[in-house]
Amino acid sequence: MGTLYLVRHGQASFGSDDYDRLSDLGARQCEALGAWLHERGRRFEGVVRGTLRRHAQSLDAIARALPGLPEAIEMPGLNEYDSEAVVRAVFQGELPPPLDPAAYRQHFRLLREGLLAWMEGRARPAGMPSWRGWQDGIEAALTLVRERFAGDVLLVSSGGPIATAVAQVLQAPPASVVELNLRIRNSALTEFVFTPKRHALSVFNAVPHLDHPERAGWVTYA
């Protein structure tokens with residue numbers, strides 16, 4: 001029986017012109033995770049990641065503190081949904097950048113509405129597949145892990161794909177994906193134990209590598 005460690009990327013550049021890059025704090029979060037895994041003697045038979053820049057940068061930061069990782073298998077199906085397209089599917093007005101509390105709350109309220117509309121087939125965000133088609137990419141990654149590996153596997157992705165994977169394993173309804181997605185912290189660990197036939201959830205959204213008074217300000221969600 002193996003263990004799949006699903007890692008959400010470190011803090012990205014939310015509210016900037018280019019979200020898809022780690023902040024300095026995001027890199028430190030992932031280095032701390034790598035150090036935590038190294039201290040516990042974790043050795044990985046396989047590594048899988050999405051193809052976004054923040055996925056690659058997160059894995060690079062983990063690897064700086066966790067030497068000996070195998071070359072990563074890149075899977076576009078582990079990439080995040082287009083949050084701007086999701087919001088625009090349900091709101092056509094002018095959106096202020098989410099730089100103050102009111103704009104931040106509005107962004108996530110609209111994101112929640114857009115995700116539910118997409119999942120229920122009431123909206124089709126521009127440039128994105130159907131909800132069923134998007135889930136297929138996550139299912140393909142989980143199948144690859146079960147079929148190719150028997151030991152521990154590290155997977156670096158985003159909140160949406162990880163929440164979807166958890167819901168698939170638990171056979172939870174689509175609305176649960178939204179709630180799980182919005183709770184996953186940057187660099188958090190979610191763990192599945194797996195056999196060739198199935199995955200089972202054992203840990204969700206853990207940040208033991210940030211559990212220290214000096215890192216109280218390191219816990220982020222975007």
Side-chain angles (χ1 to χ4, degrees), residues 6-9 11-22 48-58 73-99 102-145 155-186 188 190 192 199 201 204-205 220-222:
L6 302 96
V7 178
R8 187 191 177 199
H9 61 79
Q11 183 191 58
S13 298
F14 186 67
S16 74
D17 292 337
D18 182 10
Y19 174 72
D20 192 23
R21 56 184 172 82
L22 291 193
V48 185
R49 69 167 175 84
T51 63
L52 298 178
R53 183 173 15 163
R54 59 189 181 272
H55 299 158
Q57 291 176 339
S58 295
I73 299 169
E74 299 181 18
M75 300 191 71
L78 291 171
N79 292 349
E80 186 63 283
Y81 52 76
D82 183 340
S83 60
E84 182 175 353
V86 168
V87 169
R88 287 297 177 194
V90 294
F91 183 81
Q92 301 302 318
E94 191 68 28
L95 276 173
L99 300 178
Y104 186 87
R105 287 192 297 271
Q106 181 187 31
H107 170 83
F108 282 101
R109 176 179 62 79
L110 292 170
L111 180 61
R112 184 189 300 270
E113 291 178 10
L115 286 171
L116 288 172
W118 175 40
M119 293 171 178
E120 294 168 1
R122 295 183 284 108
R124 184 70 171 266
M128 288 175 53
S130 67
W131 168 240
R132 178 63 261 174
W134 193 75
Q135 290 183 88
D136 288 344
I138 292 96
E139 288 184 3
L142 296 182
T143 298
L144 178 142
V145 169
L155 183 153
V156 181
S157 182
S158 292
I162 293 172
T164 302
V166 171
Q168 289 175 350
V169 168
L170 296 178
Q171 298 182 350
S176 299
V177 175
V178 179
E179 298 306 318
L180 293 168
N181 183 187
L182 298 181
R183 299 293 183 270
I184 299 179
R185 296 169 284 191
N186 293 117
T190 293
F192 296 163
H199 291 271
L201 178 68
F204 174 69
N205 196 28
T220 59
Y221 291 83

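In this text the structure is predicted, and so the values were computed from the model without any measurement. Just so you know, these numbers use all the heavy atoms, side chains as well, and skip hydrogens, waters and symmetry mates.
- Using a distance-only test at 3.5 Å, with no hydrogens or angles considered, no donor-acceptor pair links the side chain of N186 to the main chain of R8.
- Side-chain polar atoms of N79 and T51 form a donor-acceptor pair below 3.5 angstrom.
- Taking the charged nitrogens against the carboxylate oxygens, E139 and R132 do have a contact shorter than 4.0 Å, which makes a salt bridge.
- For the atom pair I162 CD1 and L155 CG, the distance stands at 7.0 Å (nearest 0.5 Å).
- For E84, the CD atom is loosely surrounded, since the number of other residues' heavy atoms within 6.0 Å does not exceed 12.
- Rounding to the nearest 0.5 angstrom, the gap separating the OG atom in S83 from the CZ atom in R88 is 11.0 Å.
- The two residues I184 and A163 come nearest to each other via the heavy atoms CD1-N, 3.9 Å.
- To the nearest 0.5 Å, the span separating CE on M119 from OG on S130 amounts to 12.0 Å.
- Under a 3.5 Å cut-off, the side chain of R49 and the backbone N or O of H55 do not form any donor-acceptor pair.
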Practice item. Check the pair V145, H199 against side chain to side chain contact (heavy atoms under 4.5 Å, CB included), reporting the backbone distance first and the verdict last. Key: CA-CA 10 Å; V145 169; H199 291 271; 4.1 Å; yes
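- Nearest heavy atoms, R54 versus H9: NE-NE2, 3.2 Å.
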Practice item. Just do the side chain to side chain contact (heavy atoms under 4.5 Å, CB included) check on V166 and F192 with the steps written out, would you? Key: CA-CA 9 Å; V166 171; F192 296 163; 4.0 Å; yes
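- Under the 4.5 Å side-chain criterion, counting only non-hydrogen atoms from C-beta, R122 is in contact with L116.
- Under the 4.5 Å side-chain criterion, counting only non-hydrogen atoms from C-beta, L6 is not in contact with V156.
- For A167 against L180, the heavy-atom pair with the smallest separation is N-CD1, 4.3 Å.
- S58 places none of its side-chain heavy atoms less than 4.5 Å from the side chain of V7.
- When all heavy atoms of P129 and R124 are compared, the pair lying nearest together is C-NE, 3.3 Å.
- By the 4.0 Å N-to-carboxylate-O rule, R112 lies close enough to E179 to be salt-bridged with it.
- Atom OG1 in T164 sits 3.5 Å away from atom CH2 in W131 (nearest 0.5 Å).
- The structure places CZ of R109 at 7.5 Å from CZ of F91, a figure rounded to the nearest 0.5 Å.
- Residues G114 and V86 approach most closely at C-CG1, 3.4 Å, considering heavy atoms.
- Between W118 and Y81, the angle of the ring planes goes over 60°, which puts this pair in the perpendicular group of the 30/60° scheme.
- Between S157 atom OG and E80 atom CD the span is 7.0 Å, to the nearest 0.5 Å.
- For the residue pair R183 and N205, the shortest heavy atom distance occurs at O-ND2, 2.8 Å.
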Practice item. Determine, step by step, whether L111 and L182 satisfy the side chain to side chain contact (heavy atoms under 4.5 Å, CB included) criterion, reporting the C-alpha distance in whole Å, the side-chain angles of both residues, the deciding distance to 0.1 Å, and the verdict. Key: CA-CA 10 Å; L111 180 61; L182 298 181; 4.3 Å; yes
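- Residue Q92 places its CD atom among more than 12 non-hydrogen atoms of other residues, nucleotides or ligands, all under 6.0 Å distant.
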